[in-house]
Amino acid sequence: MSPRTAAAPEDAYTAEPFVPDHGGLTALRRAAADCRGCPLHRDATQTVFGAGAADARVMLVGEQPGDQEDRQGKPFVGPAGKLLDRALEEAGIDPGETYVTNAVKHFKFTQAEPRKRRIHKAPTLREMTACGPWLAAELALVEPELIVVLGATAGKALLGSSFRVTEVRGTVLEREIHGRPERLVPTVHPSSVLRSDDREAAYQGLVADLKVAARVLA
Ligand code: URA
Ligand code: SF4
């Protein structure tokens with residue numbers, strides 16, 4: 001690790017100097033707790049690292065922790081996570097056999113006044129890129145058979161800025177990511193289901209995409 005004394009220029013945002021090269025997921029999680037790779041650590045409560053089995057066959061990648069995740073320190077424990085677990089079970093994937101993480105590990109939000117509700121704010125490409133070394137390290141250690149890409153931010157972080165979830169959702173993609181051949185099934189973000197005008201239809205769409213993932217794993 002190389003603690004910085006002076007503020008890094010904006011385009012130098014990166015988690016890289018904080019990522020240990022040995023020690024497995026435990027060492028990664030511990031080191032991520034002290035990441036200062038971009039400014040998002042300043043206002044968030046804590047780093048929310050990935051969670052789940054180190055030998056999971058499927059890795060689910062979301063955007064960033066939400067309010068509940070930021071407080072509890074675990075990914076997908078709030079409303080979106082509950083919906084995701086239900087959809088996974090309905091699609092025939094045991095949520096307990098997945099590894100769940102996010103493209104960005106700190107909660108980004110706006111808050112009109114102290115003690116008012118914290119409103120989720122989408123991470124910038126620069127923040128996603130800064131946080132990328134953590135996701136790359138998780139992928140290298142878990143070596144999932146399949147990555148389920150939850151929404152646009154995860155898609156852009158893994159597949160580049162031209163990613164469009166509507167164009168590829170529910171399909172199996174094969175791409176090289178960080179030097180490894182990966183299989184991916186993109187779908188919508190579970191939060192978008194909660195915001196949808198037709199929640200039931202949006203939920204069924206998510207389940208249908210997850211069934212594609214379940215077939216790959218079968
Ligand atoms: N949304 C995400 O993308 N990730 C979480 O962990 C929770 C909500
Ligand atoms: Fe580090 Fe990622 Fe948090 Fe930025 S968002 S400080 S890169 S863990």
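In each ligand, atom 1 is the first atom listed, and ligand 1 is the first ligand listed. Scope of the values below: all heavy atoms of this structure, side chains included, with no hydrogens, waters or symmetry mates.
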Using a plain distance cutoff, I'd like to know if Ser191 has any nitrogen or oxygen under 3.5 Å from a nitrogen or oxygen of ligand 1.
no
Any nitrogen or oxygen of Pro75, side chain or backbone, less than 3.5 Å from one on ligand 1?
no
Protein residue, atom and distance nearest to [atom], heavy-atom basis:
| atom | result |
| --- | --- |
| atom 1 (Fe) of ligand 2 | Cys35 SG, 2.3 Å |
| atom 2 (C) of ligand 1 | Gln64 O, 3.0 Å |
| atom 3 (O) of ligand 1 | His189 NE2, 2.6 Å |
| atom 3 (Fe) of ligand 2 | His106 ND1, 2.1 Å |
| atom 4 (Fe) of ligand 2 | Cys38 SG, 2.3 Å |
| atom 4 (N) of ligand 1 | Asn102 OD1, 2.7 Å |

Heavy-atom contacts with Val104 under 4.0 Å: which atoms of ligand 2 show up? List them by number with element.
5 (S)
Contacting atoms of ligand 2, where contact means under 4.0 angstrom from a heavy atom of Gly37:
1 (Fe), 6 (S)
One pair to check against side chain to side chain donor-acceptor pair (under 3.5 Å): Gln46 and His41. What are the steps and the verdict?
CA-CA 7 Å; Gln46 58 191 317; His41 69 88; over 6 Å; no
For Gly78 versus Gln68, what's the shortest heavy-atom pair and its separation?
CA-CB, 3.9 Å
At their closest point, which heavy atom of Ala32 faces which heavy atom of Thr47, and how far apart are they?
O-OG1, 2.8 Å
Ligand 1 atoms nearer than 4.0 angstrom to some heavy atom of Gly62 are 3 (O)
With backbone taken as N, CA, C and O and side chain as the heavy atoms from C-beta onward, which portion of Phe18 lies under 4.0 Å from ligand 2: side chain, backbone, both, or neither?
neither
N/O/S from Cys131 sitting under 2.8 Å away from atom 2 (Fe) of ligand 2
yes
Identified side-chain contact (heavy atoms from CB on, under 4.5 Å) partner of Phe76 from the options Asp85, Asn102, Leu60:
Asn102
Sole candidate of Lys105, Arg126, His106 that passes side-chain contact (heavy atoms from CB on, under 4.5 Å) when paired with Cys131:
Lys105
Using the rule side chain to side chain donor-acceptor pair (under 3.5 Å), only one of Glu127, Gln64, Glu63, His120 pairs with Lys108; which is it?
Glu127
Which part of Glu63 is near ligand 1, with near meaning a heavy atom under 4.0 Å away: side chain, backbone, both or neither?
both
Is the cationic atom of Arg29 (NZ for Lys, CZ for Arg) positioned less than 6.0 Å from the six-membered ring centroid of Phe49 and within 45 degrees of its normal?
no
So how far is it from Glu145 CD to Leu217 CG, rounded to the nearest 0.5 Å?
6.0 Å
What I want to find out is whether Glu90 reaches Lys211 closely enough, with some N-O distance under 4.0 Å, to be called a salt bridge.
no
